[in-house]
Amino acid sequence: MSQEQPRKPDEAEKETVKHEDLVVNFQGALARKKAVAESIGGQVLGQDKKAPLSSESVSSGKTNITIGEALEATALTAGNRPVDYSDAAAIQAAEVRATGRTNIIPGGVAAAAQSAATRNARVTKEEEKTKLAEILADASTKLPADKPVTRKDAEGVIGAELRNDPNLCTRPGGVAASIAAAARLNQSHTTTSTNNNQNSNSLKQKLN
């Protein structure tokens, strides 16, 4: 009866490093989503509220907030709110910006949001309506492509939400607010990184 061969030290070390990278990436993504939530004055819901926010993961990290992460931040701040047509339009605009595709992706986050908004319009009981958290909790995994949020992305999403709202206004803590907050944080991060690089270059020139 053959026995399983022991793993080589280098193989075990590689698996350990891979696991640590996954943990760091998860913590960084969570910190970025929480930063968006806090930026728009929202309260983080559920178990994520217990996780500490690392300012380094946001302000001095190497990764900007993506559109998928900004959508997931909406699930943290407005997850208990039923999906309506303005939400669906904003989510579709965000998906288009993230993927570069102009059509709704079958089985994607925008398709799910549109279906939920249509269903909610027919449902009379509030507790039976599909909530934003059900659509956006794993938005990043439902997007075939993703990208850091820019000001132009925010403008497109805000416009979509405004046009489809009966009162022509965005929803506090909603999709547009999260995308806009992410864009501001990314711009601040870019500015900080640029200033740091300029200061570093200036110091090197003085030393030389």
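Numbers here simply count residues along the sequence, with the first being 1. Computed from heavy atoms alone, side chains included, the values below leave out hydrogens, waters and symmetry copies.
Residue pairs meeting the side-chain hydrogen bond (donor to acceptor under 3.5 Å, both in side chains) criterion with at least one partner in residues 161-170, sequence neighbours excluded, do not occur; the list is empty. Listed by first then second residue, pairs satisfying salt bridge (charged side-chain N to carboxylate O under 4.0 Å, His left out) with a partner in residues 126-143 read Glu126-Lys129, not counting sequence neighbours. Applying the salt bridge (charged side-chain N to carboxylate O under 4.0 Å, His left out) rule to pairs touching residues 99-122 yields nothing, sequence neighbours excluded.
Legend: residues meeting side chain to side chain contact (heavy atoms under 4.5 Å, CB included) with Arg151, ordered by chain and number and at least two apart, are Glu155. Ala133 meets the side chain to side chain contact (heavy atoms under 4.5 Å, CB included) test with Ala75; sequence neighbours excluded. With sequence neighbours left out, Thr150 forms a side chain to side chain donor-acceptor pair (under 3.5 Å) with Asp153. Legend: residues meeting side chain to side chain donor-acceptor pair (under 3.5 Å) with Ser140, ordered by chain and number and at least two apart, are Glu72. Residues forming a side chain to side chain donor-acceptor pair (under 3.5 Å) with Arg171 (at least two apart in sequence, or on another chain): Asp84, Asp87.
Listed by chain and number, the hydrophobic cluster partners of Val149 are Ile67, Leu71, Val83, Ile91, Val109, Leu132, Ile135, Leu136, Leu143, Val157, Val175, Ile179, where partners are ILVMFWY side chains within reach of under 4.5 Å, directly or through others. Other cluster members for Val96: none, since no ILVMFWY side-chain heavy atom sits under 4.5 Å from it. Hydrophobic clustering, defined by side-chain heavy atoms of Ile, Leu, Val, Met, Phe, Trp and Tyr closer than 4.5 Å, groups Leu162 together with Ile158. Grouped with Ile104 in a hydrophobic cluster is no other residue, since no side-chain heavy-atom contact under 4.5 Å to another Ile, Leu, Val, Met, Phe, Trp or Tyr is found.
Ser188 places no side-chain N or O within donor-acceptor distance of the main-chain N or O of Arg184, the cut-off being under 3.5 Å.
In terms of heavy-atom proximity, Gly173 sits nearest to Thr74 at O-CG2, 3.9 Å. The two residues Ala154 and Ala180 make their nearest non-hydrogen contact at CB-CA, 3.9 Å. Across all their heavy atoms, Ala73 and Ser178 have their closest contact at C-OG, 4.2 Å. Annotation for Ala88 and Ala117: closest pair CB-CB, 4.1 Å, computed over non-hydrogen atoms. Looking at every heavy atom in both residues, Ala139 comes nearest to Gly68 through CB-O, 3.9 Å.
Put simply, the side chain of Ile105 reaches to within 4.5 Å of the side chain of Glu95, judged on heavy atoms. Using a 4.5 Å heavy-atom threshold, the side chains of Pro148 and Ile65 count as separate.
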